[in-house]
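One structure is given here, and the rest of the page talks about it.
Naming: A, B, ... by sequence-line order, numbering from 1 per chain. In this text, all values refer to a predicted model and were calculated from it rather than measured experimentally.
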Amino acid sequence: MRPGHNSKRFSWLTIYAVGYMLFLYAPVILLPLFAFNSSTIIAFPLSGFTTEWFTVLLNNAALGESVENSLIVAVSTAILSTLLGACAARASARYRFPGQRGMIAFIMLPLVLPEIIVAVALLVLLMQLGLSLSLWTVIGGHTLICVPYSIAILSSAFHGLDRSLEEASFDLGETSWGTFKRVTFPLVLPGVISSLLICFTISLDEFIIAFFLTGTDATLPVYIWSQLRFPTKLPSIMALGTILLALSVILLILAEWFRQRSAKRQGVEASAAGGFL
Amino acid sequence: MQDKPIIELRDVIKRFGSVQALNGINATIREGEFFSLLGPSGCGKTTLLRMIAGFEDPTDGAIVIDGKSMQGIPANRRPTNMVFQSYAIFPHLSVAENVAYGLKKKKLSKAEIAAEVDKALSMVDLAGYGRRAAHELSGGQRQRVALARALVMRPKVVLLDEPLSALDKKLREQMQVELRQLQQSIGITFILVTHDQEEALIMSDRIAVMFEGNIAQIDTPEGLYRRPVSKRVASFIGVMNFLDATATGQDGTGLSLDIPALGKVTVPPSHVPEGMAAASVQSIGVRPEMLTILFDGKDKAESETTGKVTGTSYYGDMTYYTVALNGVGAPVTVSMRNTAGRSVLPVGSPVRVGWGAESIVLFE
Ligand SMILES: Nc1ncnc2c1ncn2[C@@H]1O[C@H](COP(=O)(O)OP(=O)(O)OP(=O)(O)O)[C@@H](O)[C@H]1O
Ligand SMILES: [Mg+2]
């Protein structure tokens, strides 16, 4: 192949890639840009650098409350989803039972179902049952959409686990519980941590379900949405968004790092074990 | 070796749903012996081993280990330890931690555990490897760690499921010898599952040959090779030529046969299996090395017949000839050692083939 031809094709590809990245990430980059801009109006040109909007956040009681609510919801969701996901992943990796594939498919469905439909359906259901809305209903809704992610992550951890390892432990005199503690759990632990982090992240910035199912206690995204009506609050919302963005990215990177470590421990090629990143 | 039984299998039956994996296994394994379960893929070897280990329950029948029925006793309370085919080395633990894994339950002090681990590791020639991580080991080393981890428990019986099948040929041959020597020096009963007849012959005191959930024959390697009870066993262990034969009579001097390809012969009574009636003999078997090509006109044999070379395979130390005997039936295989000054005969050469009555195996 002629080198000229090669480099020309390469340059077009580069332009396309850069354009695509801009389209994808430019709006996201605007967030920190305006968060540090000293003007109260969100518009170019930028007028100067300030950290004032971050200080404003610190002194906002309603915001503090919504952060607290979000943390409660996200932590509960992460733990619940990972627990449920671990049971399902273990069952699908270890046992064969009738209707297994259909069952797993149904559990994974919320992954592709439009969230608004899930949210409306849940709301109708709760109304019919006569349950009042609270943080618990949000936790329930979030768990529903997080379990599929948890199963996907933990399935790769449990499938990679060689059954003879548990048998070897049992054969060496260990009990079932001891085997779980000394062999199974340490080997899937990185997957568990990865699942906790991902579910936490998803729940933390989920809006639609939280919006429909929350009662008087707003979660962080719902609070942010309510503040968008006040133009003067916009810059501090930008600051808040910047913090959330940074946090999400860090959590996702951490989660992927743990997942790959789990695959490596079990001697599986990380990319072959499936994953999200 | 004592003759005390360590494992007794009594009419052991195992069904998986509609699949009958084992149809009534009876066997007695003696203390200190190296016992192999040999058979083709799917004959139930692994199933039998896993039932002895306690990972599967027999559908029917009894397994007795060291005089105690194993009914209802789970794997973690049986005096057996297993070396898995995949070795099942715990990947998150070091070599020493792997070997020490089962000792945790034995209420030993830290120093005692360390001493036991060191002893077990040097037994398998891995002294000084204790701090290595599992993934830093070669296949042969992993196999040794798995063995040390089982031996350190001082089991009554060590169970090995095709432990050498993952190793390359050279290492496998070396490990066969080492494993056999180790077993003899420590005197623990080993039960080995293998589908490699050569491996079973080299390593075992006794071998159980299995087909489709049944034991066809239990015997010493030599007994199996020289006196296989059926054509199926005979062709599974080494190479056997089968020839048609008819019995012409039986008296005190033995059983007289007419073998069209070889001639007439009287097989001595010591070579006639107990309870075999003359009339039931349908065919005979003779091993390739029990037939001799008489190269020199002066060479002599107990009996001889004539034939024609129809093919040769040269193995360096040996040559395998296919020879059509007397123009009767399918050609037989004859193996000859390649001695100095003897070259391979060309195809089509007429040859004299020597044989003896004692090398004849009778089949019904
Ligand atoms: N858990 C199981 N469920 C159903 N059938 C089984 C199960 N385990 C074994 N079998 C069947 O039992 C028979 C014996 O299997 P087993 O694994 O004991 O064979 P094997 O002699 O060890 O063969 P190989 O040399 O291939 O390992 C086979 O037909 C197999 O399909
Ligand atoms: Mg097997």
Side-chain angles (χ1 to χ4, degrees), chain A residues 86 90 93-100 153-195 257-273, chain B residues 16-17 46 49-50 52-56 73-93 97-108 120 133-137 139 142 145-155 157-163 166:
Chain A
R90 164 86 183 185
R94 186 59 85 237
Y95 308 106
R96 295 277 158 265
F97 45 89
Q100 181 176 21
I153 296 164
L154 290 170
S155 279
S156 84
F158 277 111
H159 272 288
L161 192 68
D162 180 358
R163 170 159 205 182
S164 60
L165 291 175
E166 289 170 324
E167 285 182 344
S169 164
F170 203 52
D171 187 58
L172 290 166
E174 195 47 274
T175 57
S176 309
W177 170 240
T179 297
F180 177 78
K181 230 173 39 184
R182 294 177 68 190
V183 176
T184 317
F185 189 68
L187 287 175
V188 298
L189 181 61
V192 168
I193 294 177
S194 160
S195 161
W257 184 76
F258 271 108
R259 198 189 62 74
Q260 289 192 354
R261 221 176 73 138
S262 136
K264 202 152 105 201
R265 252 198 207 186
Q266 298 179 5
V268 199
E269 190 60 44
S271 54
Chain B
F16 293 106
T46 299
L49 198 73
R50 288 172 60 81
I52 296 172
F55 295 127
E56 312 271 2
I73 297 186
N76 57 354
R77 288 197 278 119
R78 292 194 182 189
T80 57
N81 283 107
M82 183 116 155
V83 174
F84 289 81
Q85 186 168 10
S86 60
Y87 308 144
I89 307 292
F90 303 124
H92 57 303
L93 302 179
E97 287 167 333
N98 262 282
V99 176
Y101 190 92
L103 294 177
K104 279 248 171 90
K105 286 262 145 182
K106 290 208 163 175
K107 299 203 175 72
L108 298 173
H135 62 85
E136 293 169 333
L137 299 174
R142 296 167 77 84
V145 174
L147 191 63
R149 191 174 67 179
L151 290 176
V152 84
M153 303 297 290
R154 300 173 194 269
V157 182
V158 176
L159 308 170
L160 307 104
D161 190 358
E162 312 224 15

Check: Heavy atoms, side chains only, cut-off 4.5 Å: are A:L165 and B:P91 in contact?
Finding: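 Touching, per the 4.5 Å side-chain cut-off.
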Check: If we only count heavy atoms from C-beta on, is the B:N81 to B:V152 side-chain gap below 4.5 Å?
Finding: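 No, side chains not in contact.
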Between [X] and chain A, which part of the residue has a heavy atom less than 4.5 Å away: side chain, backbone, both or neither?
X: B:Y101; value: both
X: B:R78; value: neither
X: B:L93; value: neither
X: B:M153; value: side chain

With no hydrogens and no angle check, is any side-chain donor or acceptor of [X] less than 3.5 Å from a backbone partner on [Y]?
X: A:R90; Y: A:F158; value: no
X: B:N98; Y: B:F90; value: yes
X: B:N76; Y: A:E174; value: yes

Check: What residue, out of B:H135, B:K104, B:Q85, has the most heavy-atom pairs lying under 4.5 Å from chain A?
Finding: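 Looking at each option in turn, the highest pair count goes to B:K104.
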Checklist line | When B:P74, B:G102, B:A88 are compared by non-hydrogen pairs under 4.5 Å with chain A, the top option | finding: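 Heavy-atom pair counts peak at B:A88.
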Check: Given B:M82 and A:E167, is the side chain to side chain contact (heavy atoms under 4.5 Å, CB included) satisfied, shown in steps?
Finding: CA-CA 9 Å; B:M82 183 116 155; A:E167 285 182 344; over 6 Å; no
Check: For A:R163, is it the side chain, the backbone, both, or neither that has a heavy atom closer than 4.5 Å to a heavy atom of chain B?
Finding: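 Answer is neither: A:R163 stays 4.5 Å or more from chain B.
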